[in-house]
K.L.:
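One structure, pasted below without further comment.
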Amino acid sequence: MTSSTIVQHFESMPLSRLKLSSHVVVGSGRRVRNVVAAMAAQRTGCAVITDGGRLAGIFTERDVTNHVVRSPDVWDAPVDHFMTADPMVIDHGASAIDALRLMNARRFRNLPVTSEDGDLLGFVNHYDLIRMAAGFLESQRDLGPDLSPEHNLHFVDLTGLSAHEPLLVTPEDSLSVAIEAMVSAQTGLVSVVNHRGAVIGELTEHDIFWKVACRVEDLADRPVRDWMTEEIAAAAPDTPISEALSIMAKLGHRYLVLINETRRALGVVTFREIADYIEVVCGA
């Protein structure tokens with residue numbers, strides 16, 4: 001069993017050894033609806049826009065939520081109008097911790113990884129790093145008697161982490177209301193609650209991309225109940241951090257809704273908060 005800490009594990013892992021997330025490549029000038037369809041066909045939430053073979057921009061699920069889904073009049077516009085132009089990239093020789101720090105500092109969710117020659121190899125995103133963290137902690141589950149930084153991650157719960165206020169909507173609220181709330185709060189999640197305040201589902205940027213984007217024109221006429229996901233990424237506040245990462249990795253989410261015994265939402269913890277804690281407790 002390795003004696004390294006989780007931060008040392010991230011520091012020693014070059015991006016060239018990670019299985020990078022997939023993407024779709026489209027040329028500059030493609031219509032938004034065609035790019036969304038191409039992304040869906042390849043089951044990826046990220047598109048690379050090229051111009052003469054050059055990386056011109058990236059277009060993601062967040063761009064769809066923020067700029068596309070509410071405006072059918074732009075679905076046939078060039079994707080160039082809504083992409084992130086000239087995105088920052090990272091070399092494949094950089095470490096996983098380099099990528100994580102850059103993504104958290106700049107609030108990126110997708111970071112292009114390039115070769116020494118500048119060729120795009122893929123993307124690293126929070127989901128890749130969550131799986132890496134969860135896998136490492138699983139390998140360290142049989143801890144010895146000597147205290148180590150990993151003890152904190154196995155036995156400290158989510159209570160002490162900074163949590164965001166949950167965004168709540170009802171099943172009867174419209175898609176328009178839910179999406180406007182997400183965009184205003186710059187978050188990718190709303191929790192759906194019943195008349196007792198219990199969480200019964202969620203609506204995420206991922207749901208919006210797969211089910212709604214370039215398909216539904218009248219968002220104000222469509223209730224959230226018809227588009228929400230009933231399986232939620234949730235945990236009790238006393239869930240250990242290592243278990244929280246395992247849940248995130250299993251469900252493919254970068255957040256957890258904290259719920260009490262009556263399933264009321266108490267807050268939302270994201271991978272960014274967990275990563276910050278890991279850096280402070282396990283970094284040295």
Side-chain angles (χ1 to χ4, degrees), residues 1-27 38-39 41-63 83-141 149-150 153 206 241-242 245-246 248-254 270-272 274-284:
M1 182 177 68
T2 179
S3 60
S4 67
T5 69
I6 187 170
V7 172
Q8 291 169 339
H9 179 61
F10 269 62
E11 288 174 337
S12 65
M13 180 65 68
L15 297 176
S16 58
R17 290 178 54 192
L18 287 185
K19 182 180 179 181
L20 300 174
S21 292
S22 63
H23 60 280
V24 63
V25 179
V26 299
M39 292 163 65
Q42 294 200 25
R43 304 195 65 80
T44 179
C46 190
V48 171
I49 316 303
T50 60
D51 185 2
R54 179 186 67 87
L55 172 61
I58 61 174
F59 181 74
T60 68
E61 290 179 356
R62 168 140 290 196
D63 296 314
M83 70 184 184
T84 299
D86 299 318
M88 184 174 291
V89 302
I90 190 169
D91 186 80
H92 72 136
S95 69
I97 199 70
D98 293 330
L100 177 58
R101 288 169 177 161
L102 178 58
M103 292 167 70
N104 282 357
R106 302 297 294 268
R107 303 189 73 82
F108 294 154
R109 297 185 183 185
N110 298 275
L111 184 59
V113 180
T114 58
S115 69
E116 295 176 356
D117 298 326
D119 296 327
L120 182 66
L121 301 177
F123 281 78
V124 60
N125 60 36
H126 275 170
Y127 306 116
D128 303 318
L129 301 178
I130 288 168
R131 288 191 292 267
M132 181 178 169
F136 177 82
L137 290 175
E138 180 63 31
S139 74
Q140 300 290 305
R141 186 165 293 279
E150 277 59 50
L153 303 180
H206 195 62
I241 291 174
S242 61
L245 283 168
S246 179
M248 289 178 172
K250 179 180 178 181
L251 296 179
H253 288 296
R254 56 179 181 78
T270 73
F271 179 58
R272 184 172 286 113
I274 294 178
D276 288 343
Y277 178 85
I278 288 174
E279 281 258 57
V280 170
V281 173
C282 307

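Worth knowing before you read on, the calculation uses all heavy atoms, side chains too, and leaves out hydrogens, waters and symmetry mates. Note that the structure is predicted; figures quoted are calculated from it, not measured.
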K.L.:
For the side chain of Ser95 and the backbone of Asp98, is there at least one donor-acceptor N/O pair under 3.5 Å apart?
P.N.:
yes
K.L.:
Please test Ile274 against Met248 for side-chain contact (heavy atoms from CB on, under 4.5 Å), starting from the C-alpha separation and ending with a verdict.
P.N.:
CA-CA 11 Å; Ile274 294 178; Met248 289 178 172; 3.8 Å; yes
K.L.:
Go through the structure and list residues passing side-chain contact (heavy atoms from CB on, under 4.5 Å) with Thr84, not counting sequence neighbours.
P.N.:
Ile58, Asp63
K.L.:
When rounded to the nearest 0.5 angstrom, what is the spacing between CD1 in Ile90 and CZ in Arg101?
P.N.:
11.0 Å
K.L.:
Locate the shortest heavy-atom distance separating Asp91 from Gly93; write the atom from each residue and the value.
P.N.:
OD2-N, 2.7 Å
K.L.:
Of all the heavy-atom pairs spanning His206 and Glu61, show the shortest one and how long it is.
P.N.:
ND1-OE2, 2.8 Å
K.L.:
Grab the two heavy atoms, one from His23 and one from Leu120, that are nearest each other, plus how far apart they are.
P.N.:
NE2-CD2, 3.6 Å
K.L.:
Nearest 0.5 Å, what's the CZ-CZ distance between Arg272 and Arg254?
P.N.:
7.5 Å
K.L.:
side-chain hydrogen bond (donor to acceptor under 3.5 Å, both in side chains): which pairs involve residues 112-123, sequence neighbours left out?
P.N.:
none
K.L.:
Listed by chain and number, what are the salt bridge (Lys or Arg N to Asp or Glu O under 4.0 Å) partners of Arg54, not counting sequence neighbours?
P.N.:
Asp86
K.L.:
With ring-ring contact (aromatic ring centres under 6.0 Å, His included) as the rule and sequence neighbours excluded, what pairs involving residues 92-122 come up?
P.N.:
none
K.L.:
Give, for atom CZ of Phe271 and atom CD1 of Ile278, the distance between the pair rounded to the nearest 0.5 Å.
P.N.:
6.0 Å
K.L.:
Would you please name every residue forming a side chain to side chain donor-acceptor pair (under 3.5 Å) with Arg109, sequence neighbours left out?
P.N.:
Glu205
K.L.:
Of all heavy-atom pairs between Leu18 and Met13, which one has the smallest distance, and what is that distance?
P.N.:
CD2-CG, 3.9 Å
K.L.:
Only distances under 3.5 Å count here; give the side-chain donor-acceptor pairs of residues 123-135 to other protein atoms, sequence neighbours excluded, each with its distance to 0.1 Å.
P.N.:
residue : atom : partner : partner atom : Å
Asn125  : OD1  : Tyr127  : N            : 3.0
Asn125  : OD1  : Asp128  : N            : 3.1
Asn125  : ND2  : Ser21   : OG           : 3.0
His126  : NE2  : Asn104  : OD1          : 3.2
Asp128  : OD1  : Ser21   : OG           : 2.9
Asp128  : OD1  : Arg131  : NH2          : 2.7
Asp128  : OD2  : Ser21   : OG           : 2.8
Asp128  : OD2  : Asn125  : N            : 2.9

